[in-house]
Amino acid sequence: MKLPLLQLSFFSHLFVLVLFIVMSSTLSSCSSKEAVDLIVHNAKVYTVDSTFSQQEAFAIRDGKFVEIGKSREILKKYTSARIVDAQKNYILPGIIDAHAHLYWLGQKLEEADVSKAKSLEEVITILQQYREANPDKKWIKGYGWNQNNWSPAILPTKEKLDEAFPDIPVFLKRIDEHVALVNQKALSEARINQYSRMPKGGTLGVYETKGEQGKLNKEQGLKGLNGLLYETAINLATDKMPTLTEEEMKRAFQGAEKVCFQNGVTSVGDALMDKKMFELLDSMHREKSLKLRIYAMIDPTEENQDYFLDKGTIKTDRLHAGALKLFADGTLGSYGAAMLEAYSDSASMYGAMWRSTDEYRQLIKKFADKGFQVNTHCIGDSANRIFLDLYGEFLGTEENKNKDLRWRIEHAQVVHHDDLKKFKKFKIIPSVQPTHAISDMPWVETRLGRVRMGHAYAYRELYEQNNRIAFGTDFPIEAVNPFATFHAAVARQDGLGNPKEGFQIENAVTREVALKAMTIWAAHAAFEENEKGSIEAGKFADFILIDTDIMKTDNRLLRNTHVLQTYVNGEMVYISN
């Protein structure tokens with residue numbers, strides 16, 4: 001039956017009217033929403049805020065978090081051309097590595113990696129392959145050797161390098177970066193001999209026995225040098241190497257940044273910065289060729305002192321020169337850590353401090369008077385005691401005792417029980433690297449003995465002094481992977497799950513402590529907790545999307561956590577393939 005024309009017209013008009021009302025309502029609803037640059041929803045968000053709350057979504061505008069909440073609420077309130085459905089994956093604040101070496105990481109991407117070698121012979125094989133692949137290199141440079149992984153576990157000397165590479169300089173840094181092995185060609189090119197003027201804290205290795213190896217080589221003017229360069233003596237070689245161009249330095253920083261973003265690291269505490277690097281990083285940030293946030297700890301060379309003491313602390317959104325970096329001693333692996341008693345496996349060795357206490361005191365005063373934080377590398381129990389007491393001279397005064405100065409001990413590997421309370425007394429931050437404990441685990445008791453082992457890698461005890469601790473990796477000495485740090489801190493195991501009961505498991509920390517140490521407390525250790533380190537309104541939108549619930553999954557799966565996406569300032573800087 002056909003409807004009359006009049007009726008058809010009536011229903012047509014009614015349909016148009018209803019459609020108009022619906023569309024108007026929709027447009028009105030959309031126009032009432034706030035426009036933002038990015039919305040992320042359908043996630044499990046560990047905000048690491050003051051209550052360690054969990055949320056589902058957030059909105060970002062102008063590089064900062066605007067609001068965090070439930071997915072329905074965020075999608076109802078905000079609109080954006082960019083909306084990310086996290087598909088119920090997990091979101092953390094961007095990881096902050098409190099202590100690392102960005103430039104060293106970049107350099108190493110161009111060098112020979114000998115860290116897996118089980119002998120000096122294997123090292124040489126790797127170097128020969130490297131030379132074949134890089135025939136234009138004027139020096140062969142490598143890194144990562146560790147005699148503690150060899151049998152016998154003794155420090156190498158240069159003879160085998162001389163045999164394999166008589167015509168090209170070879171320079172190899174130990175895994176801890178505190179010892180280098182060079183061949184005769186490198187010694188000659190760098191003009192290193194028994195008369196070389198030593199930088200403070202540096203020594204040259206010599207043969208312990210006389211005989212053919214210890215004879216004076218009249219042709220080259222060497223008296224028993226064995227090719228080992230300790231601590232600052234390394235500079236005698238590096239100062240003579242071909243210098244990198246500015247473009248090569250830029251590529252090194254960009255290569256390191258890429259590795260950081262792949263691992264979810266959005267901020268780095270660079271633990272040895274100089275004027276040249278700082279100015280280059282600043283220019284790269286300004287031209288937007290580098291996006292990583294960097295907290296710079298200043299190496300107190302004369303040039304750096306002139307520059308930074310004149311300018312004082314320097315701060316931008318992505319680059320912050322805020323700390324003095326001092327070295328008290330060397331490392332346990334190279335017998336350079338300053339100990340109260342001799343090493344258990346070498347009764348004649350105690351390690352050594354790099355400078356006199358008075359020299360340290362003068363440097364500290366110079367930088368502290370200009371508002372710089374003081375961060376000091378301390379490994380041995382003697383080094384830790386000396387610096388805890390030295391810090392106390394400044395931090396315990398009437399003028400300073402109520403100030404929030406946040407001076408740090410970097411590494412704090414062996415701290416005598418009598419000295420632990422000084423962290424609390426002077427409000428000193430321990431800045432530690434949990435993976436160091438796991439790397440050192442196979443051999444360190446031989447070096448320290450059972451009694452001193454009770455004072456070593458005591459991260460929970462250090463945390464309990466002020467209920468705060470900062471974690472880093474010290475990369476490239478350790479891998480950049482922050483989830484290896486997390487696993488080492490909470491399980492005290494290596495990547496294979498050994499030892500099953502955990503290495504000194506009494507000093508494991510909780511997962512909440514570990515995550516805070518890699519985010520908000522690492523930010524606090526750099527005076528930056530009000531701008532990053534947690535997912536909260538007003539803070540920089542630095543965050544990562546991962547595939548694993550690290551707060552709940554089995555310990556065995558932690559190191560396999562995969563970073564899906566990394567964001568800095570709300571900009572995606574990495575996406576997994």
Side-chain angles (χ1 to χ4, degrees), residues 48 95-100 267-273 294-298 313 320-328 360 364 367-368 371-379 381 383-397 400-416 419-434 436-437 457-474 482 485 489 507 509-510 512-534:
V48 197
I95 301 298
I96 302 171
D97 194 311
H99 180 116
S267 293
V268 169
D270 193 286
L272 203 64
M273 182 70 66
I294 300 165
Y295 184 66
M297 307 179 209
I298 307 308
T313 60
H320 183 185
L324 164 68
K325 171 64 186 299
L326 294 172
F327 282 88
Y360 287 124
I364 289 172
F367 277 82
F372 285 88
Q373 182 188 41
V374 182
N375 301 347
T376 306
H377 164 119
C378 296
I379 301 289
D381 51 11
N384 277 285
R385 175 170 292 179
I386 288 169
F387 261 89
L388 288 166
D389 290 339
L390 187 54
Y391 278 13
E393 290 181 21
F394 293 87
L395 302 177
T397 64
N400 288 330
K401 68 180 182 181
N402 294 319
K403 291 181 179 178
D404 185 20
L405 297 179
R406 307 185 194 181
W407 289 10
R408 292 161 47 167
I409 296 290
E410 306 295 320
H411 310 304
Q413 280 189 6
V414 190
V415 181
H416 195 282
D419 297 315
L420 270 174
K421 60 188 178 184
K422 297 172 187 175
F423 282 88
K424 182 175 184 177
K425 181 178 180 181
F426 302 123
K427 294 181 287 187
I428 296 167
I429 297 173
S431 171
V432 305
Q433 300 74 41
H436 280 347
Y457 313 101
Y459 303 139
R460 193 186 74 176
E461 287 185 298
L462 286 166
Y463 154 70
E464 288 174 344
Q465 299 310 303
N466 293 300
N467 293 320
R468 189 176 281 123
I469 193 168
F471 284 173
T473 61
D474 207 10
T485 296
N507 263 299
V509 299
T510 67
E512 182 174 328
V513 165
L515 183 54
K516 287 179 176 178
M518 297 160 58
T519 52
I520 191 64
W521 291 341
H524 176 274
F527 294 89
E528 295 174 343
E529 73 277 13
N530 291 324
E531 58 193 61
K532 64 184 184 182
S534 60

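Remember, it's a predicted structure, so these values are computed and weren't measured experimentally.
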_Tell me the closest heavy-atom pair linking Phe527 and Leu405, and the distance in Å._
CZ-O, 3.2 Å

*Find the distance between CG (Leu388) and CD (Glu393) and round it off to the nearest 0.5 Å.*
12.0 Å

*Could I get the full list of side-chain contact (heavy atoms from CB on, under 4.5 Å) partners for Arg460, not counting sequence neighbours?*
Glu464, Asn507, Val509

*Residue list, side chain to side chain donor-acceptor pair (under 3.5 Å) with Glu461, at least two apart or on another chain*: none

_Heavy-atom closest contact (Pro434 atom, Gly472 atom, distance)_ = CD-O, 3.9 Å

*For residues Ala321 and Ile298, report the shortest heavy-atom separation together with the two atoms involved.*
CB-CD1, 4.2 Å

*asked:* Which heavy atom of Ile96 sits nearest to which heavy atom of Gly533, and what is that distance?
replied: CD1-CA, 4.0 Å

_ring pair (Phe, Tyr, Trp, His ring centres under 6.0 Å) partners of His377, counting only residues at least two apart_ = His178, Phe327, His411

*Taking salt bridge (Lys or Arg N to Asp or Glu O under 4.0 Å) as the test, write out the residues that go with Glu529, two or more places apart.*
Arg406

*asked:* List the residues meeting ring pair (Phe, Tyr, Trp, His ring centres under 6.0 Å) with Tyr360, not counting sequence neighbours, and say none if there are none.
replied: Phe387

*Which residues satisfy the ring pair (Phe, Tyr, Trp, His ring centres under 6.0 Å) test with Phe426, sequence neighbours excluded?*
none

*Using the test salt bridge (Lys or Arg N to Asp or Glu O under 4.0 Å), find all partners of Lys516 that sit at least two apart in sequence or belong to another chain.*
Glu512

*Atom CG in Leu390, atom OG1 in Thr376: separation rounded to 0.5 Å?*
8.0 Å

*Please list, chain by chain and in numerical order, all residues satisfying side-chain contact (heavy atoms from CB on, under 4.5 Å) with Ala323, sequence neighbours excluded.*
Tyr295, Met297, Gln373, Asn375

*What is the distance from atom CG of Asn384 to atom CG of Asp419, rounded to the nearest 0.5 Å?*
7.5 Å

*Step by step, would you call Val415 with Asp381 a side-chain contact (heavy atoms from CB on, under 4.5 Å)?*
CA-CA 5 Å; Val415 181; Asp381 51 11; over 6 Å; no

*Is the backbone of Thr473 close enough, under 3.5 Å, to the side chain of Asp97 for a donor and an acceptor to pair up by distance?*
yes

*Do Tyr391 side-chain atoms and Arg408 backbone N/O form a donor-acceptor pair below 3.5 Å?*
yes

*Gap separating the CD1 atom of Ile520 from the CD atom of Glu528, nearest 0.5 angstrom*: 10.5 Å

*asked:* Going by the rule ring pair (Phe, Tyr, Trp, His ring centres under 6.0 Å), which residues pair with Tyr459 if we only count those two or more places apart in sequence or in a different chain?
replied: none

*Tell me, please, which residues at least two apart from Asp270 pass side-chain contact (heavy atoms from CB on, under 4.5 Å).*
Leu102, Met273, Ile294

*Can you measure from OG1 (Thr485) to CG (Leu515) and round to the nearest 0.5 angstrom?*
12.0 Å

_Donor-acceptor side-chain pairing of His436 and Gln413 below 3.5 angstrom_ = no

*Counterpart residues, side-chain contact (heavy atoms from CB on, under 4.5 Å), relative to Asp389 (two or more places apart)*: Arg385, Lys422

_Residues which pass salt bridge (Lys or Arg N to Asp or Glu O under 4.0 Å) with Lys401, listed by chain and number, not counting sequence neighbours_ = Glu398

_Considering all heavy atoms, the nearest Ala470-Ala522 contact_ = CB-CA, 4.2 Å

*asked:* Any side-chain to backbone donor/acceptor pair from Asn466 onto Ile429? Under 3.5 Å, distance only.
replied: no

*Look up atom CH2 in Trp521 and atom CD1 in Ile469, then write down how far apart they are to the nearest 0.5 Å.*
8.5 Å

